[in-house]
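Shown next, in structure tokens, is the structure this report addresses.
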Amino acid sequence: MERLYKYIEITDLKDMLKKSGEKYGEKIAYKIRQENEYKEITHSEVRKMVDGLGTKLIDMGLKDKRIAVIGENRYEWEIAYLSIVCGTGTVVPLDKSLPENELESLIERSKAEAIICSQKYVEILKKTKLKYIISMDLENDNDGIISQKRLISEGIQLVKSGDTSFTNAKIDNEKMSIMLFTSGTTSISKAVALSHKNICSNLMDISSILDVNSSDVFLSFLPLHHVFECTVGFLFSLYVGAETVFCDGIRHIPENLAEYKVSVMASVPAIYERLFKIIKKHLEKQGKVEQILKDEEKYKDSSMEKKKEVFKEIHDLLGGNIKLFISGAASLEPSIEEKFRRLGFNMVQGYGLTETSPVVAIGNKKYHKTGSIGKCVPSDEVKLLDINKDGIGELAVKGPNVMLEYYENKEATEKVLKDGWFQTGDLARIDEDGYIFICGRKKSVIVLKNGKNIFPEELETLINRLDLVKECIVYGMPDEKDKNDLKLSVKIVYDKKIAEEKYSGKSEGELYQILWEKVKEINKTFPPYKYIKNMILTDEELIKTTTQKVKRNEEIKRILGR
């Protein structure tokens, strides 16, 4: 994809902070609600805090050490990350939702010597062999736990008195500076080794193709340890001199969008589906569904600006300032994407992995096709491997954003990295215009005895459209009649709220029959080998990662009782 916008050339994240800080220093970097007022932190103040904390960490003997970070989304987390990575050592962002034993295991595997954390993790972390536990919440040190605030203020004094150990630290932009653990949807998490060059090449790419600048306000919602939020949210916002605000929780997204006049949000499909339901409910309540459908058709070829004007009432529901919605981390239902765009919301899909820092492809104002993840970013090349008769093959990517390796795992690295090409494990097709369409995970494909390949994601998309369905998983169940074959099956989690509203008084057995009839209707739209022949109904959620991806293997093991 060609570059459409000017961007700042950067070699590493320290360079990014310096150059963007000089340009946007006086602009607001963070806005935080406190009681009945807002605390505002400028880009200059951010850089001062980063320099202070980094200097103090080196003063404590942590130069070239590994330091972990864990906590909810907050500016202190971001200051911690930058103060480690921009001259101290290697940062290890950890998932705040991990159970205690897994957290302890990752700290051990990463060889971290210190951690910067929210206060609520302190008791768990006391059980580890960490040399230092630094709290984001304490005003002063307490019971052996160190205050991040104290370290920042002492570090600022050290800088003032001439300590340049951090500010003049040289960055090797090609060595591991970030250690990220994959979410492990299919196997034990691997430690991905990323460099400054990996991340910065991605920042320059997305900045050159997305219409985002210092006048924008980003809503931070996805967990910060996740590379999608870390690069496309936190680091990208600082790089372009924008403002970041922090979400109060999933239920508060619409009011936060309005309160902070948010213009850019990067999130997962589940959130956009939720927002779409809010819009739909509002229109039904107002009795405006038919009118909106007529207007959608009438203005379908108009500009986004014109649509925004026509559908002002709907835009006002989501704060009235939305300029860009980016969907990533999972596949977005094409009809939801199409609906948002018809209503004047510039919604684009992006695609990437932890191993690619993360963005490989993304849509934008100029290059967009519904259902596609867009075209590959300017610095990358993509190709398909082992292409079948339908033009579908495994997506491979080559570029400066591809990870260095899986840390201390040569075998796993060699499996996916061949001659600089990273094999994503995702099956895709690329059309004649260069648009990429993801078909499903290579490991998820269900292969029947007759050699036919079934992409469960294709069937799940259709089943998830049914009004009673909250989520579902399609899988192959061993056929009782022929142990060498599989019977296509689905496990559906029904939406209790909709069941109460629309099917009041119906038993679970009756809901089962209603849904089974609807699944049979879906079957009729496919050739017989794609028919779903078995269904489980439950109100218990599927096993998921922190970015709401279904842990397919674990869920299937649970279903089959293995």
Side-chain angles (χ1 to χ4, degrees), residues 1 228 265-280 283 289 292-293 296-297 299-302 304 307 311 314 318 322 324-352 359-376 382 390-392 395 424 426-441 444-445 454-467 469-474 490 518-519 521-526 530 532 547-550:
M1 194 194 302
F228 181 44
M265 182 168 81
S267 201
V268 290
I271 297 305
Y272 296 117
E273 283 159 19
R274 192 183 178 99
L275 292 178
F276 183 67
K277 279 178 185 168
I278 289 167
I279 292 169
K280 199 176 167 192
L283 295 175
V289 176
I292 292 291
L293 287 172
E296 269 184 38
E297 190 55 36
Y299 294 100
K300 67 177 181 185
D301 298 321
S302 301
M304 284 289 175
K307 289 176 190 172
F311 302 110
I314 293 169
L318 303 182
I322 296 299
L324 179 66
F325 275 149
I326 305 167
S327 180
S331 180
L332 177 67
E333 153 81 85
S335 65
I336 299 281
E337 182 185 358
E338 184 63 25
K339 273 285 185 192
F340 270 109
R341 291 187 72 84
R342 286 182 79 141
L343 292 168
F345 292 96
N346 183 25
M347 170 163 274
V348 299
Q349 281 206 67
Y351 165 84
V359 185
V360 170
I362 194 163
N364 63 10
K365 261 186 175 178
K366 186 174 179 181
Y367 298 107
H368 176 271
K369 270 189 190 180
T370 301
S372 165
I373 55 165
K375 297 185 177 194
C376 88
V382 292
D390 300 317
I392 294 167
L395 188 66
T424 65
D426 283 308
L427 295 167
R429 63 181 176 84
I430 302 174
D431 74 8
E432 63 284 359
D433 300 317
Y435 288 92
I436 308 164
F437 294 80
I438 298 292
C439 304
R441 286 294 288 165
S444 307
V445 174
I454 310 285
F455 298 110
E457 295 89 347
E458 178 187 18
L459 298 165
E460 287 161 3
T461 296
L462 296 174
I463 294 164
N464 280 330
R465 283 183 195 168
L466 302 174
D467 68 350
V469 177
K470 194 173 184 184
E471 56 185 358
C472 73
I473 180 172
V474 170
V490 64
K518 291 183 179 188
V519 168
E521 286 301 312
I522 289 171
N523 278 347
K524 287 176 191 170
T525 64
F526 285 111
K530 284 190 181 180
I532 288 171
T547 51
Q548 301 304 297
K549 277 188 199 168
V550 174

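- In this structure, Ile436 and Ser372 approach most closely via the heavy-atom pair O-OG, 2.9 Å.
- Counting heavy atoms from C-beta on, the side chains of Lys365 and Met304 never come closer than 4.5 Å.
- Every residue was checked against the salt bridge (Lys or Arg N to Asp or Glu O under 4.0 Å) condition with Asp390, not counting sequence neighbours, and none meets it.
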Item to check | Working for side-chain contact (heavy atoms from CB on, under 4.5 Å), residues Lys375 and Lys366 | outcome: CA-CA 11 Å; Lys375 297 185 177 194; Lys366 186 174 179 181; over 6 Å; no
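- Interatomic distance, CD1 of Ile438 versus CD1 of Ile373, reported as 4.0 Å (0.5 Å rounding).
- From Ile278, atom CD1 reaches atom CG of Leu318 across 7.0 Å, with rounding to the nearest 0.5 Å.
- Contact check for Val360 versus Val382: side-chain heavy atoms found under the 4.5 Å cut-off.
- The salt bridge (Lys or Arg N to Asp or Glu O under 4.0 Å) test applied to Glu460 returns Arg552, not counting sequence neighbours.
- Annotation for Thr461 and Glu333: closest pair O-OE1, 3.3 Å, computed over non-hydrogen atoms.
- Heavy atoms only, all atoms of each residue included: Pro269 and Ser331 are closest at CG-O, 3.5 Å.
- Taking the side chain as every heavy atom from C-beta outward, Arg341 and Val348 approach each other to under 4.5 Å.
- Under the ring pair (Phe, Tyr, Trp, His ring centres under 6.0 Å) criterion, Phe325 pairs with Tyr272, Phe340, Phe345, not counting sequence neighbours.
- Between Ile463 and Ile532, the closest side-chain pair of non-hydrogen atoms falls below 4.5 Å.
- At a cut-off of 3.5 Å, with distance as the only test, a side-chain donor of Glu338 or Thr370 sits close to an acceptor on the other residue.
- Considering CD of Glu337 and OG of Ser327, their distance stands at 8.0 Å, rounded to 0.5 Å.
- Shortest non-hydrogen contact noted between Cys439 and Arg429 is SG-N, 4.1 Å.
- In this structure, Glu457 and Leu427 have side chains that are not in contact, with every pair of non-hydrogen atoms separated by 4.5 Å or more.
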Item to check | Pair Leu462-Phe526, side-chain contact (heavy atoms from CB on, under 4.5 Å): steps then yes or no | outcome: CA-CA 11 Å; Leu462 296 174; Phe526 285 111; 3.4 Å; yes
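- Between the CG atom of Leu283 and the CD1 atom of Ile292 there is a distance of 5.0 Å, given to the nearest 0.5 Å.
- For Tyr435, the ring pair (Phe, Tyr, Trp, His ring centres under 6.0 Å) criterion is met by no residue, not counting sequence neighbours.
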Next on the checklist: side-chain contact (heavy atoms from CB on, under 4.5 Å), that's the test. Do Ile326 and Met265 meet it? Break it down for me.
Outcome noted: CA-CA 6 Å; Ile326 305 167; Met265 182 168 81; over 6 Å; no
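- In this structure the side chain of Ile522 never reaches within 4.5 angstrom of the side chain of Lys518, judged on heavy atoms.
- For Lys369, the salt bridge (Lys or Arg N to Asp or Glu O under 4.0 Å) partners at least two apart in sequence or on another chain are Asp431, Asp433.
- Applying the ring pair (Phe, Tyr, Trp, His ring centres under 6.0 Å) rule to Tyr351 yields no partners; only residues at least two apart in sequence or on another chain are considered.
- Side chains of Ile362 and Gln349 form no contact here, defined as non-hydrogen atoms less than 4.5 Å apart.
- Within the 4.5 Å cutoff, the side chain of Glu458 has heavy atoms near those of the Lys530 side chain.
- Using a 4.0 Å cut-off between charged side-chain N and carboxylate O, Arg342 and Glu297 make a salt bridge.
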